[in-house]
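Please read the structure below before turning to the comments.
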Amino acid sequence: MNFQSILSEIDSEVARIPDEGKVASYIPELAKVDAGKFGMHLWHVDGDHCGIGDDREAFSVQSIAKVFSLTLAYELEGESIWKRVGVEPSGTRFNSLMQLEFEQGIPRNPLINSGALVIADILYGRLNDPRRELLDFIRLVSGLPDVGYNETVALSEKQSGFRNAALVNLMRSFGNIRNDIEGILDFYFHLCSIEMTCAELSKAFLLYANHGKIPGREEEIISKSKAKRINAIMQTCGFYDEAGEFAFKVGLPGKSGVGGGIAAVHPGKYAVAVWSPGLNKKGNSFKGMKALELLTTKTELSIF
Ligand code: GLU
């Protein structure tokens with residue numbers, strides 16, 4: 001299959017669609033991004049890769065990084081993490097507090113803010129230097145020694161992170177947060193501030209396309225079973241309250257972020273990342289979703 005020509009077709013088709021999305025503004029630093037950016041990059045598990053547009057420009061990956069923190073926590077802690085966070089779609093906004101009150105401080109899944117804060121608490125309690133060790137893990141998985149945090153974005157999140165502070169305090173009241181709240185929030189804001197390009201992000205997501213192994217390397221980073229389960233969580237919970245729509249239109253496990261990025265995988269075949277900062281009403285990249293819908297339509301390949 002000639003992915004480069006398929007991506008080029010997608011590029012010109014998406015360019016003709018008026019962008020109905022709006023750049024996230026609740027984190028002031030994200031509002032400064034040029035809404036006209038569009039990039040897409042695909043890495044095949046065989047090692048071929050190709051891209052279009054602004055696919056080599058770094059952007060704020062935001063919640064996409066929750067997949068990496070989940071992976072590390074799952075690897076370190078094993079199945080016991082599911083006592084503290086569920087695996088069900090939330091059907092609510094990414095930063096909603098309502099469900100948490102009804103459900104006794106146990107988040108629906110690890111890919112919404114509350115769940116990622118519990119994962120941050122687990123890592124914070126287990127690692128000596130959580131910020132550095134998480135970066136080391138992402139650098140290992142992506143093979144990219146320069147991936148890093150954007151301190152300006154992390155600070156901007158901290159200064160506007162009232163709902164995240166509310167979520168972590170509410171969960172603390174139910175006993176589902178065990179470490180220092182300020183430290184957990186700082187770690188979480190740094191996690192969200194990670195910057196990567198579409199080319200880098202799709203390369204890092206090959207782990208999930210390749211059953212827990214980095215292509216070309218023998219050792220497992222995570223077991224096949226864990227990779228399968230993380231993909232299942234991405235499929236059912238990776239798009240806030242639009243996970244059903246994404247499964248319906250695209251049909252790949254994936255994760256979006258409010259920076260306008262989406263990373264998705266076709267297990268056994270490829271990993272792909274797309275970036276377009278304008279978000280639809282549910283907080284997912286408007287053009288990013290269109291581009292991935294075109295990808296699975298044109299290739300006639302999805303997991304279904
Ligand atoms: N840093 C963002 C927040 O905590 C992440 C949201 C997202 O990308 O879903 O609000």
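Whatever order the structure lists them in is the order used to number ligands and atoms, beginning at 1.
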Exercise for review: Taking the six-membered ring for Trp and the single ring otherwise, decide whether the centroids of Trp43 and Phe3 are under 6.0 Å apart.
Suggested key: no
Practice item. Hey, can you tell me if Phe68 and Phe205 have their rings parallel, tilted or perpendicular (30° and 60° cut-offs)? Key: perpendicular
Review point. Are any of the N/O atoms in Ser256 less than 3.5 Å from those in ligand 1?
Key: no
Practice item. Measure Ser63 to ligand 1 on non-hydrogen atoms and call it side chain, backbone, both or neither using the 4.0 Å cut-off. Key: both
Study note, to complete from the structure: Under 4.0 Å between heavy atoms, the region of Asn164 that gets near ligand 1 turns out to be side chain
**Study point:** Near-ring test His49/His41, centroid separation under 6.0 angstrom
**Key:** yes
Check your understanding: Which residue supplies the protein heavy atom nearest to atom 5 (C) of ligand 1, what is that atom called, and how far is it?
Key -> Gln62 OE1, 3.3 Å
Check your understanding: Taking non-hydrogen atoms only, is Asn113 closer than 4.0 angstrom to ligand 1 via side chain, backbone, both or neither?
Key -> side chain
Exercise for review: Please say whether the positively charged group of Lys158, taken as NZ for Lys or CZ for Arg, lies over the ring of Phe189, i.e. under 6.0 angstrom from the six-membered ring centre and within 45 degrees of the axis.
Suggested key: no
Practice item. Check whether NZ of the Lys or CZ of the Arg Lys203 lies under 6.0 Å from the centre of the six-membered ring of Tyr208 and within 45 degrees of that ring's axis. Key: no
Study note, to complete from the structure: Any heavy atom of Tyr188 under 4.0 Å from ligand 1? The part involved is side chain
Check your understanding: Side chain, backbone, both or neither: which part of Arg163 comes within less than 4.0 Å of ligand 1 when only heavy atoms are counted?
Key -> neither
Check your understanding: Any donor-acceptor pair under 3.5 Å linking the side chain of Ser193 with the backbone of His190?
Key -> yes
Check your understanding: How long is the gap from CZ on Phe137 to CG on Leu127, to the nearest 0.5 Å?
Key -> 11.0 Å
Review point. Any idea which of Tyr26, Phe189, Tyr240 brings a heavy atom closest to atom 3 (C) of ligand 1?
Key: Tyr26
Check your understanding: For ligand 1, which atoms have a heavy atom of Gly257 less than 4.0 angstrom away?
Key -> 8 (O)
**Study point:** Phe94, any N or O under 3.5 Å of ligand 1 N or O
**Key:** no
